[in-house]
Asks: 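Dumping the structure here so I can ask a few things about it.
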Number of protein chains: 2
Amino acid sequence: MLIVAERINAARKPIREALERKDVALLLEEAKKQEAAGAHFLDVNAGTEAEEEIANLPWLVELLQEEVAIPLCLDTANDQALERALAVYKKKEVMINSFTAEPHRIAGVLPLAKAYGAYVVGLAMGTGGIPESVADRLRLVEQLVRAASDYGIPEERLFIDPLVVPIGTDQRQGRVFLETLKEIKEEFPGVRTICGLSNISFGMPNRRLLNRTFLALCAGYGLDAAIIDPLDRELMSVLYAALALLGQDEFCMNYIAAYRAGKLCP
Amino acid sequence: MLIVAERINAARKPIREALERKDVALLLEEAKKQEAAGAHFLDVNAGTEAEEEIANLPWLVELLQEEVAIPLCLDTANDQALERALAVYKKKEVMINSFTAEPHRIAGVLPLAKAYGAYVVGLAMGTGGIPESVADRLRLVEQLVRAASDYGIPEERLFIDPLVVPIGTDQRQGRVFLETLKEIKEEFPGVRTICGLSNISFGMPNRRLLNRTFLALCAGYGLDAAIIDPLDRELMSVLYAALALLGQDEFCMNYIAAYRAGKLCP
């Protein structure tokens, strides 16, 4: 499973403050620690205020791409910030997170994804928000897949995020997510799946337990990539264990290496 | 998910010793603690030496049935021990663990299961041992289901154990187990599934992490009952979380109650 490291996100107060005072040391440390912990992509989110984001996202890209070997995942809903960030990005691989089934998001993101040969994340939401049922989500997934194809983006560059809705607001939503995942794997075998986890536990007590248990369930249903904090030892322990149990870790070598390195919880 | 509490098993040294010296206090404490922790059945295993088992299993049944409200699960491969234990058993519900697809096990166990109206666990193994592939296990499951039906045991009283084989000896076996589980649910929707967990991690480091992650995966694939230690706080935390995430815990009430009672790991 691909790990997209989530900690450099301006929604987190330490990152927001580090961006404000251009605290290069803190940001680089966050990046390097996540790379060392096994991340495959480094998610970069520079906030949601347009002007700041348009300035900060390219700045972060220039800063981070020199210092980490893994590719970046540009996490923005602002086309202008995305365009400027891509313009200064020098590595071969890049991920764009994200577009939706809304026409203006498709038209804003997919031409850039095509031009830069980027991986791109499509969210299963449209003008009407996030649908409640599996069937309605799949209809949106179909639109996302068709849109990517229309823009000449090969299937293997598309990641679909079925979108996690809190079980605290609707207890069926964990199951809806997993069933959607299963259906996507069956109907679009060439497309990969991705998600963030923490929304599942919003409003519930003991969120980290729910999040890491959900990660195991998602792995069992074939999730290809997860946007997670690779410094969360309990979470990573569950991921190592799940991949070994699911036959996705040859001879359980990664699990055993993680154990020997003292990375696993008992 | 039904919890079959596994601690009263003579394979565990404290229990073996307690049986030898007829330490009623220790055995009752083990029983009551497991009942209090939420067990639905109390597994009772009096060892594998024929003479001792034939004496100890009925003794344990007489001792325990008076002191716990939950039904017992008679865990034996000895027909004589089983028959004597059933003869002294007074409660309405009882589970027999287990028979196999071997003719002498079918002929030894199923008439007793029928006579006592017991739930009965069928293991997916035959004269050739445990098959490696999903298809071969399913052939055995079919034999188990047919045998139960032949003896007039209703489907809802049959539990199938697909049998856990260590990933340390064959890394595909976690996946084989889960796929077998899925196929059983599809082909025999009226039959329930059960398993013990700990064999999955045999020979691997950090076994408890693997076991509890496997429990989450099994829950995701629809496992109906698990033979586990309900006093294992980490394991039970994962189970509460998984059931809430899978929509099997109405309004997440059990999860929240467990949290409020201080039962959940952070």
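So you know, we letter chains A, B, ... as the sequences are listed, proteins then strands, and number each from 1.
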Asks: Hey, is the main chain of G247(A) close enough, under 3.5 Å, to the side chain of R175(B) for a donor-acceptor pair?
Replies: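 Side chain of R175(B) to backbone of G247(A): no pair is present.
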
Asks: Select, from M204(A), R172(A), R207(A), the one with the greatest count of heavy-atom pairs under 4.5 Å involving chain B.
Replies: M204(A)

Asks: Could you have a look at D249(A), L210(A), D170(A) and say which one has the most heavy-atom pairs with chain B under 4.5 angstrom?
Replies: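 Highest number of pairs under 4.5 Å: L210(A).
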
Asks: Can you list the residues of residues 251-266 of chain A that sit under 4.5 Å from chain B, counting heavy atoms only?
Replies: F251(A), C252(A), Y255(A), I256(A), Y259(A), L264(A), C265(A), P266(A)

Asks: Assess, by modelled atom type and distance only, whether the side chains of S201(B) and N211(B) contain a donor and an acceptor separated by less than 3.5 Å.
Replies: yes

Asks: Using a cut-off of under 4.5 Å on heavy-atom pairs, state which of P205(B), G174(B), G168(B), S237(B) scores highest against chain A.
Replies: P205(B)

Asks: Under a 4.5 Å heavy-atom cut-off, does chain A meet the side chain of L209(B), its backbone, both or neither?
Replies: both

Asks: Which pairs pass ring pair (Phe, Tyr, Trp, His ring centres under 6.0 Å) with one or both residues in residues 185-204 of chain A, sequence neighbours excluded?
Replies: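 Listed once each, the pairs would be none.
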
Asks: Test your reading of the model: is there a side-chain donor-acceptor pair from R192(B) to the backbone of R157(B), 3.5 Å cut-off?
Replies: no

Asks: Any sub-3.5 Å donor-acceptor pair from N199(A)'s side-chain atoms to V164(A)'s backbone N or O?
Replies: yes

Asks: Does the E35(B) side chain pair with the main chain of A69(B), one donor and one acceptor, at a distance under 3.5 Å?
Replies: yes

Asks: Select all residues of residues 218-230 of chain A having any heavy atom within less than 4.5 Å of some heavy atom of chain B, and report them by number, or 'none'.
Replies: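 Counting heavy atoms that sit under 4.5 Å from chain B, the residues of residues 218-230 of chain A involved are G220(A), Y221(A).
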
Asks: According to side chain to side chain donor-acceptor pair (under 3.5 Å), who are the partners of Q248(A), at least two apart in sequence or on a separate chain?
Replies: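 Side chain to side chain donor-acceptor pair (under 3.5 Å) check on Q248(A) returns nothing, list empty.
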
